[in-house]
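One structure is given below, encoded as structure tokens.
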Amino acid sequence: MTGRGAKDRVRLPAGSYVRVAATLTAAFFLGAFLAGAAGYIWYEQNLDEVLWQDARDNAATLAAALQEQGVTGLWREIGVYASRPESAEAPVFFETLSGLRTGNLVLQSAPFEGPHLIAADGSLLNRQPLFGRMGVLHGFGLRTPAGWIIAARASGSAAETRALLLRVAFWSLFSAALVTAAMAVWLAQRSAARLARVDAALEAAGHGDLSARVEISGGENDDAAWIARRVNQLLQQLETSVDEMQQVSVALAHDLRRPLQSVISHLEPYAVDGATPDGFRDDLSAALSKLGDLNWTFDAILRLSRLESGVARVAHDPVDLSALARDTVELLEPVAEDRGQRLSAGEIAAVPMVPGDELMLRQALINLVENALQHGPPGTAVRVSCTFDAGRVRLSVVDNGPGIPAERRAAVQQRFVRLDQTRSRPGTGLGLTLVAAIARRHGATLELDDADPGLRASLFFRVG
Amino acid sequence: MKVLLAEDDAETATYVSTALTTEGYVVEHLVDGRDALAAATLARFDVIVLDRMMPGLDGLSVVRALRAAQVDTPILLLTALGQVDDRVDGLTAGADDYLTKPFAMSELSARLAALTRRPPMKAETTDIQVRDLHMDLLSRRVTRQGRQIDLLAREFNLLRYFMERPDRVQTRTMLLENVWSLTFDPQTSVVETHISRLRSKIDKPFDAPPLLHTIRGVGYVLGR
């Protein structure tokens, strides 16, 4: 498995597009409701105006008829009018000077002048009741020399119209809201999907695949497409500068190897020649050994850049990590003993095989154990274990040495970082970096924890 | 022994050529890959040292061509490309060994000696004897001067490796590669430690000349 395979996907917060959709719908609903409410209030006011005006006009008409036809004539007119069913909407009332009343407008009290609200039972009202507006009449009274005229307008049909309007408004609002909600969900989902694509590319790049790019969809002026293009640009720049850096370090390592070979070629014959005085031979051997260390560093640099740039081929064969753990203990146990330390095997369980490169994993584990041995004083105990837990194989090296302070654990995985700033002890600071790079290419994670005291370095491999 | 040295870097070529001649090899030096291919096909060499990157024809192609032409002379590839992938490529192409630059002449020499040895032991061999040291491969018993020696599994494997190659120097790198399958250099003194353990079991308790020798600056040898 290359490191680009099984990686933990970071999920975008699941509710985000639902939230966007809900907010849009609520905003629409609120806006429409406010507009509707304002419209309704205006309508009510207007309606009142119209009704009052109508009543006044009707009263004036009756007054004119009274003047033309006299009381008898008006009485007759009102009789004919009141017998018509549609007159219930605009009832009229006439009271003679002697107190005789006619008309289809019921009035309990004495007649009045000017505008007044009349209840269904004929009583006068000072203002519109909150409920039961249906029966309320807008009445207008006129006092003429021949008697009292009152014309009224019922808000009945108006009330029906009002109810109908409200119902219509509600249902249309409701269905509009549904459509808006559906659209909002669709749009938000689309947006989330595109964000997820950007996230996926950034995730892949974070894991070392700098060739990852975001798929662009949408036109020139599309926001999301613009962001995607910018991210791609950035990733391209990153890939280019990392490539350049790799090239530089590779060129350096190669170019430095030639003079190194030259020095070795010149010194080595004297180191193996029996004629060379012993003391001098020892010095030469020591010098050649240091040159070997230098070569190791170049090799490690090259190895690292090849791993990180993805150039190195990582095998996919099944690897038995338990056997690896046992082999490593067997290999390094005597080395620990000679240093006055102890290396042993902890819990080594039968674990599932893991796809990977055995040589690389061997190197990684040896690096971890050697790290523990080299940084601990005599008497340090180191334990290697291999267990299977919650779908992951855990390969760990625990020691009871000085450990790594929590705030330095991330830094030591970088190139050339040493805990000991004076760099007085041997080592280049590349060991852990290599382990981290190998882990990444296997889709595994390297975790450094406190073993209290000491360090627990674990490699977690996801299985299945 | 005739060795064909195909190396275009003058300094390396001089270094190797001089040393090999001193050891008794007859060295033919060429600088172009095509010439090397022609020479190896037409003449009979005991071993070929081939640089991987040469003008004319690169080392890997030369190896493939030679193998395709049924030339089975042992080939050692020499190169500045030292990564595991390159090694695998070289060995897959048909080379027998792979040495990266910079290298010590003693390393090259030890590996050439390994390549030019007599045919390896047959699979039916059941026991090995080197001087007064005896190893029974079936029962895994090791005795010296008749006395039994108790060895751990890893000590047994290391001893067996040496006993299968008596009197031939094994360098640190060769041991790391062949006994422990490690293609990189561990930081700690792994080889030295295992050698000294082995020594303490097969040499120290015995009142006889030691069998396992350290050749300073080069490696270890059993026997001489």
Side-chain angles (χ1 to χ4, degrees), chain A residues 253-254 257-272 278 281-282 284-285 288-289 291-296 298-300 302-303 306 311-313 315 327 330-339 357-360 362-363 366-367 369-371 373-374 426-428 431 434, chain B residues 9 11-16 18-19 22 53 78-89 100-109 152-155 157-158 169 172-173 176-177 179-198 200 215-219:
Chain A
H254 276 308
R257 281 181 144 161
R258 295 192 77 250
L260 193 57
Q261 174 70 73
S262 202
V263 173
I264 292 175
S265 310
H266 283 103
L267 290 183
E268 205 232 352
Y270 296 104
V272 298
D278 271 359
R281 271 184 83 174
D282 287 340
L284 282 173
S285 290
L288 284 167
S289 163
L291 290 172
D293 289 348
L294 194 57
N295 190 33
W296 187 91
F298 292 152
D299 195 52
L302 281 175
R303 216 172 270 261
R306 287 178 62 119
V311 173
R313 262 171 291 160
D327 286 348
E330 206 184 58
L331 178 74
L332 292 169
E333 200 193 334
V335 174
E337 224 177 88
D338 278 1
R339 294 168 60 96
D357 189 307
E358 175 153 0
L359 290 174
M360 282 195 196
R362 205 180 277 275
Q363 176 171 12
I366 290 176
N367 265 11
V369 175
E370 287 187 324
N371 235 34
L373 293 176
Q374 283 175 319
T428 52
L434 262 173
Chain B
D9 180 63
E11 207 180 304
T12 312
T14 314
Y15 178 50
V16 173
T18 316
T22 316
M53 296 195 287
L78 208 58
T79 178
L81 294 175
Q83 297 298 317
V84 178
D85 298 349
D86 307 310
R87 205 190 137 79
V88 168
D89 284 346
T100 60
K101 294 179 188 175
F103 62 91
M105 192 57 227
S106 51
E107 182 82 43
L108 178 62
S109 179
L152 296 171
R154 57 174 179 248
E155 292 163 348
N157 290 333
L158 181 58
V169 177
R172 251 183 108 241
T173 329
L176 284 168
E177 279 169 25
V179 179
W180 290 290
S181 311
L182 296 176
T183 52
F184 69 100
D185 215 340
Q187 296 265 270
T188 53
S189 54
V190 176
V191 176
E192 289 75 6
T193 309
H194 282 265
I195 295 277
S196 91
R197 287 286 193 285
L198 191 58
S200 69
I215 311 293
R216 230 187 315 198
V218 184

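Below, chain A is the first sequence line, B the second, and so on; all start at residue 1. Quick caveat, the model's predicted, so the values are computed rather than measured.
Side-chain atoms of A:I366 and B:L182, non-hydrogen and from C-beta on, do get closer than 4.5 Å to each other. Between A:P334 and B:R154 the shortest side-chain heavy-atom distance falls below 4.5 Å.
The candidate with the highest count of non-hydrogen atom pairs below 4.5 Å against chain B, out of A:D338, A:L260, A:D282, is A:D338. Between chain B and the residues A:L331, A:V263, A:L332, A:D327, the most heavy-atom pairs under 4.5 angstrom are made by A:L331.
Atom CZ of A:R258 sits about 4.5 Å away from atom CG of B:D9, to the nearest 0.5 Å. Atoms CD and OG1, on A:E337 and B:T193 in that order, are 10.0 Å from each other to the nearest 0.5 Å.
Smallest separation of non-hydrogen atoms from B:A153 and A:E330: CB-OE2, 4.4 Å. The shortest heavy-atom contact between A:N295 and B:P102 is OD1-CD, 3.3 Å.
A donor and an acceptor atom, one from each side chain of B:E11 and A:S262, are located under 3.5 Å apart. A donor-acceptor contact closer than 3.5 angstrom links the side chains of A:E268 and B:Y15.
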